[in-house]
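First comes the structure, then the notes that go with it.
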Amino acid sequence: MKIAMILPHFYPYVGGGEKMFYDLAKGMAEAGHEVHVVTRNVGEDYLGDRIVDGIHIKYCPWKEMFGHPFPKRNDIEKEIRWCDVVHTSIFTTAPVVSILAKKYRKPSLLTVYEVRGPKWFWSDVWYKAVIYWCVEQFACRQRFDCYHAISDATKKDYLHYIDYIGKKRDVRRVYIANEMGRASEQGPEENAKKTDFSLKEYFKTGNKKVFLYYGRPGRTKGTYVYLDAIRRLRDEGADLTDTAFCFILGKEPIGPRREMKAFVKKEGLQSLVRIRPSVSREELEEAIRQADVVVVPSLTEGFGFSALEACQMGKPLIYSDGGSLPEVAFGQCSSFKNRDSADLAEKIRSVIEEKEDAFMQVPEKVFTYENMFEGITKIYREIIKKKDRERK
């Protein structure tokens, strides 16, 4: 197959969706398929044509707004004419890909990470929420041969939207996967420690119990709910002497990161909350392994990479019941009501006080690359056959 992937962002841009498409593209190339990716450039180092892991990538200087690039038709049209099947993702690449796929009668697939709808108003100022909501609604209305939802929660939200506008769509759920924590299945060589990173040294925590959050500081990630829960615990007189709340935060989005640091300073939480920059993938894996508890307080999640990584590494997890998180969580788990900082505070207190019912044991769940490749390949082949029949 000749596969064209038209994506807002791609390797080495960091994000769950970008990781999924990189793994998918690499796997398809290794399976003998030709894979061409057209995407926005990542700095000056990734601009123009490159070949990475057998993937032909064209990095384009697209302009962006609110972190979302707007693709140019001229950068994309040649690849869609060339391919057997075209694959894109929500948001800004969806309209132009839909138009060109229809023009050249190419089978097309849209990956839907999540559909927030009114949830945009949970975390953004009203005028930004209105803009995001409109862009999402416009992207969801674009016509594709098939729609790939990355979780049952996402599929449910998308179908709810489709029911609302009275349209029929072919929506398939294919789970994505992540390798972190799966090394234990591969033997002693692959399990060898790859870095000397020390979480306690990085945060200067001494022997304190470490509650770890890592990832983007975006508002939908629920960090402000988490910080408010920490403030509540402090104000209610919880014994936090031997507890450290550690955040490994990306640089972007800049606004929410600044807001977090301002809240910590305003509320006098500096002795409890420690914020440090992102680390390498290998160091992050060690950080998770060395943490006592991982906290994922997200308001919305299309899949929940952080939760899955923690669970695959056997770490106790505290997570919100929002989005797809209940779908991916397993092992020692504690769930709190989405956006409820008081409930989160109680869950954290139970862990600190080592109560017997602090965690529940959830049966293991398995998300494999094999299933992801098989599911997407099946969709590709089916929509190609469907388009061939239509041409006849």
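Values below: all heavy atoms of this structure, side chains included; hydrogens, waters and symmetry mates excluded. Since we're looking at a predicted model, the values are computed, not measured.
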Can you name the side-chain contact (heavy atoms from CB on, under 4.5 Å) partners of V328, sequence neighbours left out?
F303, A307, F367

Of all heavy-atom pairs between L227 and L269, which one has the smallest distance, and what is that distance?
O-CD1, 4.0 Å

Flag yes if more than 12 heavy atoms outside K200 fall under 6.0 Å of its NZ atom; otherwise flag no.
yes

Is it the case that the side chains of T377 and E374 hold a donor-acceptor pair, with the cut-off being a distance below 3.5 Å and no angle test?
no

Under 3.5 Å donor-acceptor pairs involving side-chain atoms of residues 350-362, not counting sequence neighbours:
residue: S350; atom: OG; partner: E346; partner atom: O; Å: 3.1

Are more than 12 heavy atoms, taken from residues, nucleotides or ligands other than E236, located less than 6.0 Å from that residue's CD atom?
yes

CG of D235: more than 12 outside heavy atoms within 6.0 angstrom?
yes

May I ask you to check whether over 12 heavy atoms, not counting those of R81, lie within 6.0 Å of atom CZ?
no

S335 (side chain) donor-acceptor with S320 (main chain) under 3.5 angstrom
no

Have D75 and W62 got a donor and an acceptor in their side chains that come within less than 3.5 Å?
yes

Got Y224 and E259 here, is their nearest side-chain heavy-atom distance under 4.5 Å?
no

So which atom in P217 and which in R257 form the shortest heavy-atom distance, rounded to 0.1 Å?
CG-CB, 3.8 Å

Please tell me if the side chains of I288 and K315 come closer than 4.5 Å, counting only heavy atoms from C-beta onward.
yes

Should the ring pair Y113 and F21 be called parallel, tilted or perpendicular, given that the plane angle runs from 0 to 90° and is split at 30 and 60?
perpendicular

Under 3.5 Å, is there a donor-acceptor pair linking the side chains of T39 and H9?
no

Is any side-chain heavy atom of L272 closer than 4.5 Å to one of R231?
no

Does any non-hydrogen side-chain atom of T300 lie less than 4.5 Å from one of K221?
no

Okay, side chain of T88, backbone of I6: is any donor-acceptor separation there less than 3.5 Å?
yes

Under 3.5 Å, is there a donor-acceptor pair between the E283 and Y202 side chains?
no

Check the side chains of E301 and Y319 for a donor-acceptor pair under 3.5 angstrom, ignoring hydrogens and angles.
no

Quick check on K2: does its NZ atom have over 12 non-hydrogen neighbours (other residues, nucleotides or ligands) under 6.0 Å away?
yes

If we ignore angles and hydrogens, is there a donor and acceptor under 3.5 Å between the side chains of Y380 and H33?
no

Within 6.0 angstrom of K19 NZ, more than 12 heavy atoms from elsewhere
yes

Counting N and O atoms only, with roles assigned by atom type, does the side chain of T93 sit under 3.5 Å from a partner on the main chain of S89, one being a donor and the other an acceptor?
yes

Kindly assign one of parallel, tilted or perpendicular to the pair Y226 and F247, based on the angle between their ring planes and the thresholds 30° and 60°.
tilted

Pairing donors with acceptors under 3.5 angstrom, does anything connect the side chains of T368 and N371?
yes

Is a donor from one side chain sitting under 3.5 angstrom from an acceptor on the other, for D53 and Y22?
yes

Do T111 and H148 get their side chains close enough for a donor-acceptor pair, meaning under 3.5 Å?
yes

Thinking salt bridges, do R289 and E285 make one under a 4.0 Å N-O criterion?
yes

Distance, nearest 0.5 Å, that separates CZ of F211 from CG of L240
9.0 Å

Would you mind writing out the side-chain donor-acceptor pairs for residues 170-177 within the sub-3.5 Å range, not counting sequence neighbours?
residue: D170; atom: OD1; partner: R172; partner atom: NE; Å: 2.8
residue: D170; atom: OD2; partner: R172; partner atom: NE; Å: 3.3
residue: D170; atom: OD2; partner: R172; partner atom: NH2; Å: 3.1
residue: R172; atom: NH1; partner: E382; partner atom: OE1; Å: 3.1
residue: R172; atom: NH2; partner: E382; partner atom: OE1; Å: 2.8
residue: R173; atom: NE; partner: D152; partner atom: OD1; Å: 3.0
residue: Y175; atom: OH; partner: D152; partner atom: OD2; Å: 3.4
residue: Y175; atom: OH; partner: E327; partner atom: OE1; Å: 2.6

For R141 and Y161, does a side-chain donor sit closer than 3.5 Å to a side-chain acceptor?
yes

Would a single hydrophobic cluster contain both V86 and W82, if residues Ile, Leu, Val, Met, Phe, Trp and Tyr are joined by side-chain heavy-atom contacts under 4.5 Å?
no

